[in-house]
Amino acid sequence: KKFTIGERMLKLIKDKTSFISGVCLIILSILLFYEASTLSPFGSVFPFAITTALIILSVILIFRSFKLEIKVINENVSSIKISLLVITFFAWIYFLERAGFILTSLIAFNLLILINLGTKIPLKKITLYVLIGSLFILLLYFGFKNLLLVPLPEGIWFRN
């Protein structure tokens, strides 16, 4: 039986999830690259750098999908957990302009940590993760705001 090029390609791919993810990320990168081209030359530097890195990593992921198969050990994914994560992301996006970067990011990041940890983690570890996560968000804020001079949303609720 003769195989078409597509069928041969599918037989070569060992990890189809990585391959599909890589292709989707390249498509997303191209769309983001196009959107960033509408920005000013100074404003487009960071988006171009990130999309270029994303394209490079996506190509690596695609090449890796031909060599290495990743087996998922725990296939049970809680639909409640996924729903909570999606709601948290959309709430973060919705409240970002209204409440500002620091407040929404601190709340959203720590909610993401708590949702992903589960119930078998000791309280000391949860507290440590929340403190480190909060410190990370504050470092990001001050790094972008003061070092890179990137204007981050301050929140319309807190304006005078």
Side-chain angles (χ1 to χ4, degrees), residues 15 17-33 35-36 39-65 68-160:
D15 186 9
T17 304
S18 294
F19 181 79
I20 292 169
S21 299
V23 170
C24 290
L25 287 171
I26 286 177
I27 292 169
L28 176 67
S29 298
I30 292 169
L31 291 171
L32 293 173
F33 208 88
E35 288 295 322
L39 300 172
S40 69
F42 183 70
S44 64
V45 171
F46 186 72
F48 282 153
I50 295 298
T51 53
T52 302
L54 186 59
I55 288 174
I56 292 168
L57 292 172
S58 300
V59 169
I60 292 170
L61 183 63
I62 289 171
F63 280 125
R64 203 186 93 207
S65 72
L68 172 62
E69 183 176 359
I70 299 173
K71 297 196 181 202
V72 178
I73 296 170
N74 184 7
E75 292 186 27
N76 297 333
V77 179
S78 168
S79 59
I80 294 171
K81 189 183 238 186
I82 291 174
S83 300
L84 288 172
L85 291 172
V86 169
I87 289 168
T88 303
F89 279 118
F90 280 108
W92 178 73
I93 292 168
Y94 179 78
F95 288 109
L96 188 62
E97 193 66 33
R98 290 160 181 77
F101 178 83
I102 290 181
L103 182 62
T104 54
S105 296
L106 284 172
I107 292 170
F109 192 78
N110 287 314
L111 274 174
L112 293 173
I113 289 172
L114 293 174
I115 291 168
N116 280 314
L117 281 180
T119 57
K120 297 180 181 178
I121 305 291
L123 186 59
K124 272 186 174 180
K125 237 180 200 180
I126 292 173
T127 307
L128 178 69
Y129 291 155
V130 168
L131 287 173
I132 291 173
S134 299
L135 181 64
F136 175 71
I137 294 297
L138 291 172
L139 285 172
L140 271 179
Y141 176 77
F142 289 114
F144 275 95
K145 183 93 174 163
N146 298 327
L147 297 175
L148 298 174
L149 303 174
V150 174
L152 294 171
E154 294 177 9
I156 57 176
W157 291 344
F158 303 114
R159 289 188 188 150
N160 294 334

Using side chain to side chain contact (heavy atoms under 4.5 Å, CB included) as the criterion, list what pairs up with [X], not counting sequence neighbours.
X	result
Ile115	Lys81, Leu84, Leu85, Thr88
Ser83	none
Phe136	Phe109, Leu140
Leu32	Leu28, Thr51

How many angstroms lie between atom [atom1] of [X] and atom [atom2] of [Y], to the nearest 0.5 angstrom?
X	Y	atom1	atom2	value
Leu96	Ile93	CG	CD1	8.5 Å
Ser58	Ile27	OG	CD1	10.0 Å
Ile87	Ile80	CD1	CD1	10.5 Å
Ile102	Tyr141	CD1	OH	4.5 Å
Ile26	Leu61	CD1	CG	9.0 Å
Thr127	Ile132	OG1	CD1	11.0 Å

Listed partners of Phe48 passing ring-ring contact (aromatic ring centres under 6.0 Å, His included), at least two apart: Phe33

Residue pair Val23, Ile62: steps toward the side chain to side chain contact (heavy atoms under 4.5 Å, CB included) verdict: CA-CA 7 Å; Val23 170; Ile62 289 171; 4.0 Å; yes

Close side-chain approach of Trp92 and Ser105, heavy atoms under 4.5 Å: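 The answer is yes, as the side chains (C-beta and beyond) meet within the 4.5 Å cut-off.
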
Thr104 and Tyr94: CA distance, side-chain angles, deciding distance, side chain to side chain contact (heavy atoms under 4.5 Å, CB included) verdict: CA-CA 9 Å; Thr104 54; Tyr94 179 78; over 6 Å; no

All pairs passing side chain to side chain donor-acceptor pair (under 3.5 Å) where residues 106-117 contributes a residue, at least two apart: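 Listed by first then second residue: Asn110-Ser134.
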
